[in-house]
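Some notes on the structure that comes next.
Along the sequence shown, the residues carry numbers beginning at 1.
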Amino acid sequence: METSGQEDTKTPQRLGGIFKRAVFLLASACWVLIGLGFGMCLIQYMFHRGAGIHILGIPISSASVLIGVIHFTGFSMGMLFSLALGIWLGALGVSGDHHQK
């Protein structure tokens, strides 16, 4: 009868580990989708709107090029950060409970 008491205490820990992994995988999917959204905005900005060409009304000026570079860098960094965070959370979710005894 003593072993059933030990099994009862391990079952909530196992369910907590499964729940933790599921949350990591869900968060990973969300961050990867956010990164893909940044990528879609970047593609839309680069190819359809012209990346800062019509900011000041002048077709091409140094200010519009600078604004385009700043926007490109911001979208790229947001995309890379989101994808990296999503991949890291996914790796934590897939790896399991290697820290528990």
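In this structure, Phe81 CZ and Ile34 CD1 are separated by 10.0 Å, a value rounded to the nearest 0.5 Å. In this structure, the separation between CG on Leu42 and NE2 on His71 is 11.5 Å, given to the nearest 0.5 Å. To the nearest 0.5 Å, the span separating CG on Leu85 from CG on Leu80 amounts to 12.5 Å. Here the CE-CG distance, from Met40 to Leu33, works out to 11.0 Å after rounding to the nearest 0.5 Å.
When side chains are defined from C-beta on, Trp31 does not count as touching Leu83, because their heavy atoms never get closer than 4.5 Å. In this structure, the side chains of Ile87 and Ser28 stay at 4.5 Å or more apart for every pair of heavy atoms.
Put simply, the side chain of Ser95 gets close to the backbone of Leu92: a donor and an acceptor are under 3.5 Å apart.
A single hydrophobic cluster is seen to contain both Trp88 and Leu36, as judged by linkage of ILVMFWY side chains at heavy-atom distances under 4.5 Å, directly or through other members. Residues Phe38 and Ile43 fall within the same hydrophobic cluster, defined by Ile, Leu, Val, Met, Phe, Trp and Tyr side chains chained together at heavy-atom separations under 4.5 Å.
Scanning both residues, Gly93 and Phe24, for their nearest heavy atoms gives CA-CB, 3.6 Å.
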